[in-house]
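For reference, the structure is listed below as structure tokens.
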Amino acid sequence: MNKIVALMKKDIKLLFRDKMAVFFTFVFPLVFAFIFGSIFSGDGGGSKALKVAVVDLDQTEQSQQFVKSIEEADEFTVTLTSEEKAKDLVRRGKRVAYFILPEGFGEDYKGVFSGSPPEILVGIDPSRTAEAGYLEGSLMKLGINRFEQAFSNPAAMTEQLDASIAQIEESDDIPQEWKSLLNDYLPKMKELTELDMGSEEGFGFGDDGEANPMMPLKVTKQEEVVQRSGPKNAFSITIPQGVIWAIMGCVIGFAISLVQEKTLGTMNRLIVAPISRTQIVAGKALGCFTAQIAVVALLFLVAYFILGVRFNFPKLVLAAVASGVCFVGLMMFFASLAKTERSVAGITNAFLLMMGMVGGAMIPLFVMPGWMQAISNFSPVKWAIVAFEGAIWRNFSYTEMMTPVLILVSIGVVAFILGTRMVKLEEA
Amino acid sequence: MIQVESLNKRFGNIHAVRDVSLKIHPGQIFGLLGPNGAGKSTSISMMTGLIDADSGSVSLSGLKPQSKEARHKIGLIPQSIALYEELTATDNLSFFASLYDIPKNQLQSRMDWALDFVGLKDRATDRVSGFSGGMKRRLNLAASLLHDPDFIFMDEPTAGVDPQSRNKLFDNVLELKELGKTIIYTTHYMEEAQKLCDQVGIIDHGELLALGTVGELLKQHGGDTQVSISSDRGVKEFKSSDVSNDLIQALQTSDKVYDISVNSPDLEAVFLNLTGRQLRD
Ligand SMILES: Nc1ncnc2c1ncn2[C@@H]1O[C@H](COP(=O)(O)OP(=O)(O)OP(=O)(O)O)[C@@H](O)[C@H]1O
Ligand SMILES: [Mg+2]
């Protein structure tokens, strides 16, 4: 075992001495994750404004006005769209929430003293609970405006009062005493407004109750089961991709180093030494595995502390070990195919780039068209990405994790066995 | 004692080594002399257990070269510079040392000894990539001696080396002999074989053509000595197997002798006589 560790240490040391290898295994993946993450995090990341989709089903002057007030508010960035699209946007994590102004919104909006407060249907991405309170508060603030508007527009107020008087007259569920009281009171109110009453005066009544017309808005929350296909933090996508690039760097580096031992002749020293071939192979495999775990650790540390990516640690370990096994196996397989550094680099690069392309190392899996996702099933890169994403934003259960993990381990074991069988350690 | 019996190795159509048998006594330097592609490296590979022979056997003091015990006793200096260029001399040595079961408390002294032995003590912490060809060759030797092997196989250890490093390496070989090591030394320089080796085997096309001390080889295959006498009668050249007698007779018939040259045969001549070709083309 000591000798295997000595072999591994030597390879890790060599990896760090090779500036190009260090760049491609450590620096490039970080740069990749960072740059692409920043590009994609146009939505959500950075700016304080919450991205919301707004649907105006009422299409009245009031509803349009209210939409405008949402649009003008600093708290929101608004996309006006249809109900279906709005819900879809939230489900896919593209928007934090949607607001639907149902039919009748405008009517209720005007009713400062009677009827129910205008209802607004709100669907919030359940994972954004932190923003939910803030979002509701901001909405309420906008709702309060309707009182200001009512009081600062005497004509509208008068009209509103007339409507209210008529409404009270007609309704039969209001006790007679109340009716007379209101009938007495409201016309006086009307007179007052005609004298251009200030808007800031508070009104004592309206203390509680859903239907209290003095509530600025009635926010009806709609349960949105978000069938997430994309995460909210763009780095959650680009970090697994970066990890793949890093792992590819390790695989290529170690496949080359194995072939190089042969072409340089250092392999002869290893074979002649009192260690078994199994130990030699194990040393290489362990080196490649350790390097992979190291880059995964590095990328996820950066992801956690700098990019704010959150993940499930035990599942991350599971993903890292499974992909480590897979790519160590592939490394051995590629190293067994070629006799020169050049050809092993060529073969490994070509294969991994192809697998990376269809496997989601460049284009995120969840935005791929269906046919491409089907092809991607054949790429070990896809399963590695799925495993890492399962630990980050796909919220996989352990059972769900098993699919990518078992696929990765199987590929790794088969490739490793093939590789070790075919590899000739002695002179190229 | 190294005993090799009718070793054979084929690579496809090439019969790289055919029926090679040798006996090398402890403490001797055995030279395997032959041109490119003669089968020197292949022979060494089989003797060190690097590759398996198609047939025949190798015994290192009764041990098979593949056995763990034998491996502790084998020191192979590969023909190529088998070092990690991006590591320092010390890093290389400590890595290769770690493959052997050298007691921890002896490790440092073994490394110091090896570096000192090849004269690279002052370059210990430099990367190999910055070494000259000769320095790399010397480190290549040092890396094979850390575990104090009994059987040292040197495959063309002076290839591509400046005269200074070459002389240092010659000294090293002789020092190792003095330490009681058994050395197998391959080369295509007959001067090296002639200078260093107790026994020489001449190999060509995988076949061991002749075997013996340098003196024996010269006697058996060197042919006659070339004698040339320049006198007032002109230049007289002849081949002689009994130089002193022939010379006395020749001188008796000449009045005024200006110049005498006696060219005794060398291993080059031995090779020429054995193969009809020059050792180096
Ligand atoms: N792995 C191999 N595969 C195929 N042919 C080989 C292999 N190794 C050696 N040979 C062939 O076997 C023959 C002997 O090669 P070998 O390397 O033993 O020669 P050598 O005496 O060491 O030559 P040199 O002085 O050039 O090192 C050559 O014809 C060579 O081409
Ligand atoms: Mg050779």
Side-chain angles (χ1 to χ4, degrees), chain A residues 1-26 253-254 256-284 286-287 290-291 339-341 423-428, chain B residues 11 16 41-42 44-52 60 63 65-88 90-102 104 107 127-129 136 140 143-147 149 151-153 155-156:
Chain A
M1 194 61 205
N2 281 345
K3 292 177 184 176
I4 299 177
V5 172
L7 284 159
M8 174 206 87
K9 275 196 197 156
K10 175 263 301 173
D11 275 328
I12 300 282
K13 213 177 225 175
L14 279 172
L15 180 72
F16 278 100
R17 293 284 159 85
D18 184 348
K19 289 196 187 73
M20 281 298 264
V22 168
F23 177 79
F24 279 108
T25 34
F26 293 96
F254 275 84
I256 291 175
S257 91
L258 205 160
V259 173
Q260 207 161 39
E261 302 259 15
K262 293 194 272 179
T263 56
L264 286 180
T266 45
M267 185 60 85
N268 288 350
R269 286 191 187 278
L270 304 187
I271 295 174
V272 168
I275 56 171
S276 65
R277 283 168 202 233
T278 313
Q279 283 176 304
I280 297 174
V281 169
K284 262 302 169 222
L286 189 64
T290 309
K339 282 191 171 173
T340 64
E341 289 98 319
V423 75
K424 288 201 102 190
L425 296 185
E426 50 278 306
E427 295 151 59
Chain B
F11 296 109
S41 296
T42 307
I44 282 206
S45 293
M46 288 187 286
M47 290 161 80
T48 52
L50 207 51
I51 60 173
D52 291 331
L60 307 174
L63 300 168
Q66 288 88 352
S67 71
K68 215 162 193 186
E69 223 184 323
R71 290 187 189 197
H72 280 286
K73 298 185 174 179
I74 295 173
L76 169 68
I77 294 93
Q79 184 171 353
S80 60
I81 299 199
L83 299 167
Y84 300 104
E85 296 248 333
E86 293 314 314
L87 299 185
T88 64
T90 308
D91 282 345
N92 269 284
L93 295 188
S94 72
F95 168 66
F96 290 119
S98 72
L99 303 176
Y100 294 86
D101 306 324
I102 302 171
K104 267 220 166 78
L107 205 69
R127 286 197 195 178
V128 176
S129 53
K136 286 179 187 173
N140 203 37
S144 310
L145 302 177
L146 296 157
H147 56 294
F151 307 108
I152 300 173
F153 297 84
D155 198 354
E156 303 198 28

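Letters go in sequence order (proteins before strands), and every chain restarts at 1. Keep in mind the model is a prediction, meaning the values are calculated, not measured.
With a 4.5 angstrom heavy-atom cutoff, B/Ile81 touches chain A only via backbone atoms. If you measure heavy-atom distances from B/Asn92 to chain A, you find no contacts under 4.5 Å at all. For chain A, the nearby parts of B/Ser144 are the backbone and the side chain; heavy atoms of each come within less than 4.5 Å. Neither the backbone nor the side chain of B/Ala70 comes within less than 4.5 Å of any heavy atom in chain A. Looking at A/Gln260, neither its backbone nor its side chain comes within 4.5 Å of chain B, counting heavy atoms on both sides.
In this structure, CG on B/Asp155 lies 9.5 Å from CG on A/Asn268, to the nearest 0.5 angstrom. One finds the CG atom of A/Asn2 at 9.0 Å from the OG atom of B/Ser98 (value rounded to the nearest 0.5 Å).
Put simply, the side chain of B/Glu86 does not reach to within 4.5 Å of the side chain of A/Asp18, judged on heavy atoms. Annotation: side chain of A/Leu270 is in contact with side chain of B/Phe95 (closest heavy-atom distance under 4.5 Å).
When the candidates B/Gln79, B/Arg127, B/His147 are compared by the number of heavy-atom contacts under 4.5 Å with chain A, B/Arg127 comes out ahead. Ranked by non-hydrogen atom pairs under 4.5 Å with chain A, the options B/Lys68, B/Glu85, B/Glu69 are led by B/Lys68. When B/Thr48, B/Leu76, B/Ile74 are compared by the number of non-hydrogen pairs under 4.5 Å with chain A, B/Leu76 comes out ahead.
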Report the C-alpha distance between A/Met267 and B/Leu50 in whole Å, list the side-chain angles of each, state the deciding distance to 0.1 Å, and finish with yes or no for side chain to side chain contact (heavy atoms under 4.5 Å, CB included). CA-CA 10 Å; A/Met267 185 60 85; B/Leu50 207 51; over 6 Å; no
Checking salt bridge (charged side-chain N to carboxylate O under 4.0 Å, His left out) for the pair A/Lys3/B/Asp101: CA distance, chi angles, key distance, verdict? CA-CA 9 Å; A/Lys3 292 177 184 176; B/Asp101 306 324; 2.9 Å; yes
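For the pair A/Gly265 and B/Ser80, the tightest heavy-atom approach, listed with the atom from each and the gap, is CA-OG, 3.7 Å. Scanning both residues, B/Phe96 and A/Thr266, for their nearest heavy atoms gives CZ-CG2, 4.1 Å. Residues A/Pro274 and B/Tyr100 come closest through the heavy atom pair CD-CE2, 3.1 Å.
Remark: the backbone N or O of B/Ala82 is paired with a side-chain donor or acceptor of A/Arg269 at under 3.5 angstrom.
Between B/Tyr84 and the choices A/Glu261, A/Lys13, A/Arg17, the side-chain hydrogen bond (donor to acceptor under 3.5 Å, both in side chains) rule is met once, by A/Glu261.
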